[in-house]
Structure formats: structure tokens, C-alpha cells
Protein chains: 2
Amino acid sequence: MATQRRVTPRKRPSQGRSKATVEAIVQATARVLLKDGYEACTTNRVAETAGVSIGSVYQYFPNKESLVVAVMEGHLGQMQEALARRLGELSDADLPTVVKSMVGGMLEMHRIQPRLHRVLLEQVPRIGALKRLHELNDQYEPLVAAWLEAHQEQLELPNPGAAAYVMIAAVEGVVSRVMLEKPGWVELGVLEPQLTRLILGYLAPHLVPITRRAPSPAPAAP
Amino acid sequence: MATQRRVTPRKRPSQGRSKATVEAIVQATARVLLKDGYEACTTNRVAETAGVSIGSVYQYFPNKESLVVAVMEGHLGQMQEALARRLGELSDADLPTVVKSMVGGMLEMHRIQPRLHRVLLEQVPRIGALKRLHELNDQYEPLVAAWLEAHQEQLELPNPGAAAYVMIAAVEGVVSRVMLEKPGWVELGVLEPQLTRLILGYLAPHLVPITRRAPSPAPAAP
DNA sequence: AAGAATAGCGAGTAAACCTTCACATTTTCG
DNA sequence: CGAAAATGTGAAGGTTTACTCGCTATTCTT
């Protein structure tokens, strides 16, 4: 199976100059990934794009993988931050509102560098892209779980332990697929109501508003 | 971006002998992928494992990618077949039963070579693994959509066009993540009721059975 | 200012691996 | 049978690419 390699920095930049270098390298990696894809993302090319010698790259990064990991770390960090902000605002409003807000947050999170996200998802292998992504989710799962438990009385929820997990996986599954296949949907606002309904129907079916038929001409499936 | 390469067979085997060769090559590819991962899956190693000369490999496969694609094609074909069988049996039973059966089918589908599936998902990059996977889904989405439209009256469903898509993406998202992270859950039967509830709550919230609190001690979240 | 530490350079190395090709063997079929 | 088509062989070519290392330049410290 895939061998584990070191991906932590080789040396920490201490002077301001070197910090800039490291930053330039990471950004260059992202740029190359975006423009040319993972295949063409060679160490030499990254160095060149960063306007830096290849030797400098290897002063701070032990290997090629660590470059991509750094990019991924940064990107996921941004996403996580965006979501945490939204989750922090989770008020004690009524459930439909809260759910809508959570779903909105997860959608918003995916507005951050969607093209980079795509490359990272689609092209980067074995580095553990998925693993890191899941770690990201694992970080906000407890938040959601805690919220659920606190409001357990208002919900009709067997097995609240699994609920947070299922919820997050479901939303994330739909969103990330839509981002890959039909990026337009997010902007069109098609997704939010659907996901809200999905989750609300899961957590508290009795709270789903009754709607007989679609009032608007439904946009047909692809 | 990633360049498109030919992945179709170079020559079609006509004699029985060569058919066996091709089969051996594809199977060897799968075996190597399983045992050593994508990284170590070199053409020479595949040839060796298949007990065949490297020249023979290139007689039928234009390049390395096409080998993996062949494996993927076979695997997804099996999965698709399994699911199609289940969907074909979609009776006109009541909605909860039908949903349960669909969910069960998708779970069952993932019992086919889960380890190979994992390698294909996690390690194989840029070949368009995800694309093919999505194509798989696209093939049964119409089936589900048709069923939904036929039974639209019984459902409370705004925008039935998007419903099939969301449904499938949600279930697939949860299942494939669980398969990667907590494979045990599938066998334990934790997942099926949750997913059934998720989908039923989405399609017809008023049909979700009312359950105040979990009767059994809920298996805590990870 | 000088020595030390940190940062930067880039040609060169060494290994990996895909793919080809000229040739050998087997099967088909008139 | 015997020619032609199909199949199989594997050593070697050629390219690509991650990474090293000896050296220089800059910045810090005292």
C-alpha cells in the first residue's frame, strides 16, 4: 500500500525573507496546479513559477508531496474557517432556520477557490486528499452533534449519535458532486432549498412545510 | 489541463488464446492495484503478474491508463448490474418499502470488491475515475426520476426534477464515505435505517414513522 | 566589522518507467 | 502443406523528473 512519507517542513523559515519565499512557493504550487493540473506540477516548474531556485524549494519542503499538502492545508483551512464562522452563529432560532443556515454555510464554504478544490479532489491521489478532507469534516461534526444533543427533545431522532455524521456526509456528498458536475446550480439557488428539505426531513419530518406540487415551473433534470 | 489520451483497446483479440491473455492482463492489473496500490502498478509488473510479456500488454492496450480504465470499467459494470437488478424489482409497494429497497440496493452494490473500489477511488487520479463513477450514477438516475414522476401524486415534492439527483448524490455520498471511514457500519445495519429515513423524509416527510427517542442504546458517534 | 547563521542558487545525478521494435512462435485456412 | 495472419517475446531506448550538493550571497549578532 501507499507508503507514508514525511510531509512536514524540513526547516522553518525564520527571517522575513525566507517566509516570503515559502509563501511564494506555496502560491506557485497552487497556480501551477490550477493552470496545468497535477500531472504537470513538477518541482522545477513550481520553483520557476515562484521565481525561486529549485534548491530553495528543497530547503523548506522535503519532497513534492509536501508542496501539495501545504496547498491543501491552506485551502481546507480557509474552508473550515468560513464554516466555523457560520456554525458559531448557530442561534437558538427555530429548527428550520438553523438548518437552512447550516446548509447555507456549507454551500458558501464551497465558493472558496472552487477550481482549486476541484483539482485537489479530482487529480491529487494517494496523498490522502480524501483523508484530509474527512478530517476537515471531523472537526465540525462534534459541533453539529453537540447541537443536536442539546436540542434532542425538539427533534424526532433515533440514534442522534449517527445523525450528525449522516447529515454532514449527505450534504457534503451532494454539494461536492454538484460543484463538479453542475456548478451553476449553486448560484441559481436550486440547491439550498433542496438540501434544507433533505436535512430537515431527516431531523424533524414533522416540521417540513407541506407543499403540494411545485408552484414554479420546475427546471427539468439534466 | 489533463490531456485526453486514448484508452480504448489498440487491437481486438480474435482468437481464444489472446482473449485469455487480455483477461489475464486485466485481472493482473486489479490484483496489483489491490496488493500494491496505484503507485506500484507499473506496466512491467502487471505483465509479470499476468505471466505475459510486456510486449503483449502493449499489443492490446495503448498505454498504462487504459489498463486501469479496463479494470474500472469492469468493476463499475458489476456494480451497475447489481443495482439495476434491484431497481428493476421496484414494485408498486408503499413508498417506505420502496425507498428501503432502493437504499438497500445501493448498499448492496458497495459490497462488490470494496477494497478495489477504495483503491480506485482514493488512489487513481486524473483518469477520470470520478467522471466514470458519475456516469454510473447518471445511468440509474433516469430510472429513479421516472419512478418519482410516476408517483408524484403520492409525494410531497416540489421540483421532482432535482429530487432524483439529490437523492442519489446524498445516498452515494454517505455510503461511499462510510465505506472508506467506517466499513463496519454497513454490516452492522446502522446505515440502512438512517438512509431510509433521510430519503423518506425528503420525498414524503409525512410518511416518516414517528419515533420519540431511540429505544435501543444508541451506538455513540466515533 | 567579522564571524556565524540563515537563505539562495542551479547544474548535475541517478533512478524509474513507459513504450517500441525486430524477431520468434503459434494458429488459421485455402 | 505452406503461406499469411495473429500472437507473443523482452532487451533496450529515451525521456522525464525528483532531489542533492558544493558554493555564493545576504542578514544577524556581538
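Worth knowing before you read on, the calculation uses all heavy atoms, side chains too, and leaves out hydrogens, waters and symmetry mates. Within every chain, numbering begins at 1; the chains are lettered A, B, ... in the order of the sequence lines, protein sequences first and strands thereafter.
- One side chain, E181(B) or Y165(A), offers a donor N or O that lies under 3.5 Å from an acceptor on the other.
- dT16(D) atom P lies 13 Å from atom CZ of R45(A), rounded to whole Å.
- Nucleic acid contact for T42(A): sugar-phosphate only, since backbone atoms but no base atoms lie under 4.0 Å from a heavy atom of the residue.
- Following rounding to the nearest Å, Y38(B) (OH) and dC17(C) (C1') show an atom-to-atom distance of 12 Å.
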(request) Spell out protein contact along nucleotides 4-9 of chain C as letters: B when the base is contacted, S when just the sugar-phosphate is, - when no protein heavy atom is under 4.0 Å; keep the 5' to 3' order. (result) --SSBB
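- At least one side-chain heavy atom of Q27(A) sits less than 4.5 Å from a side-chain heavy atom of E23(A).
- Nucleotide dG8(D) holds its C1' atom 15 Å from the CG atom of N44(B), rounded to whole Å.
- Under 4.0 angstrom from either OP1 or OP2 of dT20(C) there lies no side-chain N or O belonging to Y58(B).
- In this structure, F61(B) atom CZ and dC17(C) atom P are separated by 20 Å, rounded to whole Å.
- With 3.5 Å as the limit, one finds a donor-acceptor pair spanning the side chains of H110(A) and E172(A).
- Scanning both residues, M179(A) and P114(A), for their nearest heavy atoms gives CE-CB, 3.6 Å.
- Rounded to whole Å, atom P of dT17(D) lies 17 Å from atom CG of N63(A).
- Side-chain contact of E122(A) with Y38(A): a donor-acceptor pair under 3.5 Å is absent, judged by distance alone.
- E39(A) places its CD atom 12 Å from the P atom of dC18(C), with the value rounded to the nearest Å.
- Aromatic pair Y140(A)/W147(A): centroids not less than 6.0 angstrom apart.
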